[in-house]
Amino acid sequence: MPKGSDLLVAALENEGVDRIFGVPGEENLDVVESLRNSSIKLILTRHEQGAAFMAATYGRLTGKPGVCITTLGPGALNLTTGAAYALLGAMPMIMLTGQKGIMSSRQAKFQIVDVVSAFKPLTKLSLQIVSTSSIPTLVRDAFRIAMEERPGPVLLELPEDIAAEEAEDIAMVPQHPIEIPVAHRASLDRAAEMILRAKRPLIMLGAAASRPRSTAGIGGFVRRTQIPFFTTQMGKGTVPGESKLYMGTAALSERDYVHEAVDRADLIIAIGHDTVEKPPFIMGPKGPQVIHVSYTPANVEQVYFPQCEVVGDVGPSLELLADRVEGRLHNAGALLGLREGILSRLTDRATEDRWPPTPQRIVHDVRKVIPEDGIVALDNGMYKIWFARNYRTYVANTLLLDNALATMGAGLPSAMMAAMLYPERRVLAVCGDGGFMMNSQEMETAVRLKLNLVVLILEDSAYGMIRWKQAVDHFPDFGLTFGNPDFVKYAESYGAKGSKVESTDDLIPTLERAFKSGGVHLISVPVDYSENTRVLVDELREKLKQVGEPVA
Ligand SMILES: Cc1ncc(C[n+]2csc(CCOP(=O)(O)OP(=O)(O)O)c2C)c(N)n1
Ligand SMILES: [Mg+2]
C-alpha cells in the first residue's frame, strides 16, 4: 500500500518533475524515502535560500515550476526570501515543507511555527495537506496555479503523519494545458488606431516579455512594425540587442540617455511591463500615451496608468495587432535618429585600461568572452545598473537579473541553475563581494554537482551600491566597508579553482582560461567605482543642463 509521501512523489512525477532542491529535516524523511525510489533527483543545498533561488530560476527559465523541499519551522522560514523572489519576479515554484503530526504530537510546540500563514503574503497559494486522498488534486492545483499568469510560488505543507499514513492507491490528475485567451477584437482595434495615429512611437519590452512562451511572438511584432524598442532591465534579450531598432535599456527611471527617446515619444507600446520593476520611465500628465500589452491588466500606479490595454496571450495578440498596422506605419522610425547618439554613450570608456578596471570595461570584457547564447546571472549591487545599461543581449534570458525583489544572494544559485539546465552553454555569475558572501556556501553544491561555472567577484570591500547612494545624498562615507577573505584560497578550499585578476588586460584571458578549463572557477577582480558618480550623476546632470531640462 502506498504512503502519503509516495502519493506526493508520484504526483510530482506526474507533473514531470525531475529534480528537487533542498535541505530535508526529520519531518520529511518519508518523502526522502519515497524520492529514493523515484525518478526524481534530490539535490541537497547548503542553505534553503539557495534551494529556493535555484527552484525559482528553474521556473523562470523553463516556464514550469521548480520544486524545493525543507523541514518545518526554521527550514521553512529560510524560504521566505526565495518565495518573495519568485512572487515579485513571477517565477513558478513549488515549496514543499514538512510539519509535525497534526493528529497527535508528542513534542508539544517544539519547532512549530504557523508556516502556512507566514507564507500567505509571499505566495499565490499556501496550504496544509490534511488527508492523503487529496494529494493528487492538491499537487495538480498547485502546479496549475504556480504556472498560470501571473506565475509565482505555491507552498504545500505535508505533516509527517499524513506523509507516513497508508493510503488508497488513487489515480493522479492528468496534466492539462493552460490556454490563455487572445485579446478582444475591440481592444486590438483601439490599440491599432492609436499606433496608426502616433507620430513618434516606441516599443518597450518589460519583464513578462521574457517569459519562455512570449519571446517568439514579440520578435515578429517588432520586425513587422519596424518601431524602435527599448527594454526594462528584466525585458532584455527578448528581441536581439543587435537589432537596428534597439534603443537601449532603461536601468534608471529617468534622465538616462535612453530617456531622450522616451521623452520624445508620443506613444509607448509597453509589452509585458510589470510594475514590480523599478519604473523604466515615469508617466506624467504631459508625457507619451501608453498601450499596455500583457497577459494581465496593468497595475495602475502613480507612475503607470496606460490609456489602452491589450490583455491576453502576448504572442498571438501581437500578431493580430501587427496584422492591423503592418505596412501602414509612416512614422514607425521617427525616433531612430536618436539611436546612434544614445548607444554611442554606452561604449564610452569601455576599452579604457585604467587599473582597477571601470564597470564599463568589465561589462565590455565579459561580453567578449560570453557567446551569444551564454548566460550571465547577476547578484544585486552597483554593477547591475552597468550591466543592465551596457551589456547587449542577443537571446532571451541570457542576462538573468532581479529587478523585482532585487535581493542580494541570488546570483550564484541562479547561475548554478542555468548551468544545470544548459550544460553546453557558458554560464557566468557576476557578484559583488557583499552579495556573493550571502550564499557562497553553495560553491560546495556547485563543485559536488560538477557544474561548469565561472563566478566573477567584483571586489570593492564594501556594500558599494549603498555607499554610492550615501555619497550621492551627501552623507559622509560611513559604515559600509568590510574586509574580504582571500577569494582564491576560499575557492580552493571548496575544491574549486580560484584566480585573481592582476591587471586590466588580464581580465579577458583569465575568464577565457577559466571557461576552457571547465569545472567551478572563481575569479576576483577589483573595480573602480568612481565611475558611478562621474557618469550616473555628474554626466547625466550635465546632459540635462545642455538640453535645458530641470535638474533635480
Ligand atoms: C538581502 C539584501 N540585503 C540588503 C540589500 C540592500 N543592498 C542593495 S545593493 C547592496 C550592496 C551590495 O554590495 P555588493 O554585493 O558588494 O555589491 P557592490 O554594490 O559593492 O558592487 C545592499 C546592501 C539588498 N538588496 N538585499
Ligand atoms: Mg562590494
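Counting convention: from 1, in listed order, for ligands and their atoms alike.
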### Message
Below 4.0 Å from ligand 1: does a non-hydrogen atom of D379 turn up there or not?
### Response
no
### Query
What is the name of the N/O/S atom in D433 that sits closest to the Mg ion (ligand 2)?
OD1
### Any N/O pair D433/ligand 1 closer than 3.5 Å
yes
### Query
Do you know which two heavy atoms are closest between A270 and V290, and how far apart they sit?
CB-CG1, 4.1 Å
### Exam field: side chain T62 to backbone K64, donor-acceptor pair closer than 3.5 Å
yes
### Query
Has Y529 got any heavy atom lying under 4.0 angstrom from an atom of ligand 1?
yes
### Query
Would you call the rings of Y246 and F229 parallel, tilted or perpendicular if under 30° counts as parallel and over 60° as perpendicular?
tilted
### Query
Among the heavy atoms of D460, does any lie under 4.0 Å from an atom of ligand 1?
yes
### Message
Tell me whether M465 has any N or O atom under 3.5 angstrom from an N or O of ligand 1.
### Response
yes
### Atom indices of ligand 1 within 4.0 angstrom of G464 heavy atoms, with elements
13 (O), 18 (P), 19 (O), 20 (O)
### Message
If I compare all heavy atoms of V430 with all of V376, which pair ends up nearest, and what's the gap?
### Response
CG2-CG1, 3.8 Å
### Query
Do Y58 and F21 have ring centroids that are under 6.0 Å from one another?
no
## Note on the structure
A student checking ligand 1 against G434 at a 4.0 Å heavy-atom cut-off should list atoms 14 (P), 15 (O), 16 (O)
### Query
Atoms of ligand 1 less than 4.0 Å from Y383 heavy atoms?
17 (O), 21 (O)
### Query
Judged by modelled atom types alone, do N390 and Q360 share a side-chain donor-acceptor pair under 3.5 Å?
no
### Task
Report the C-alpha distance between S530 and R354 in whole Å, list the side-chain angles of each, state the deciding distance to 0.1 Å, and finish with yes or no for side-chain contact (heavy atoms from CB on, under 4.5 Å).
CA-CA 12 Å; S530 62; R354 167 192 332 180; 3.6 Å; yes
### Query
If we only count heavy atoms from C-beta on, is the E459 to F487 side-chain gap below 4.5 Å?
yes
### Part of A406 with heavy atoms under 4.0 Å of ligand 1, whether side chain, backbone, both or neither
backbone
### Task
Note the single closest protein heavy atom to atom 15 (O) of ligand 1, along with its residue, its atom name and the distance in Å.
G435 N, 2.7 Å
### Summary
When every non-hydrogen atom of P280 is compared with those of T232, the smallest separation belongs to CG-CG2, 3.7 Å
### Task
Report yes or no: does G381 have an N/O/S atom closer than 2.8 Å to the Mg ion (ligand 2)?
no
### Message
Is there a polar contact, in the sense of an N or O pair closer than 3.5 Å, between F436 and ligand 1?
### Response
no
#### Entry: Cationic N near anionic O, under 4.0 Å, R150 to D274
yes
### Message
Is it the case that ligand 1 has an N or O less than 3.5 angstrom from some N or O of G381?
### Response
no
### Message
With respect to the Mg ion (ligand 2), please indicate if D460 possesses an N, O or S atom at a distance under 2.8 Å.
### Response
yes
### Query
Quick one: nearest non-hydrogen protein atom to atom 5 (C) of ligand 1, plus distance?
M408 SD, 3.5 Å
### Query
Is the shortest N/O to N/O distance between I466 and ligand 1 below 3.5 Å?
no
### Query
Should G409 be listed as contacting ligand 1, given a heavy-atom distance under 4.0 Å as the test?
no
### Ring centroid separation F281 to H259 under 6.0 Å
no
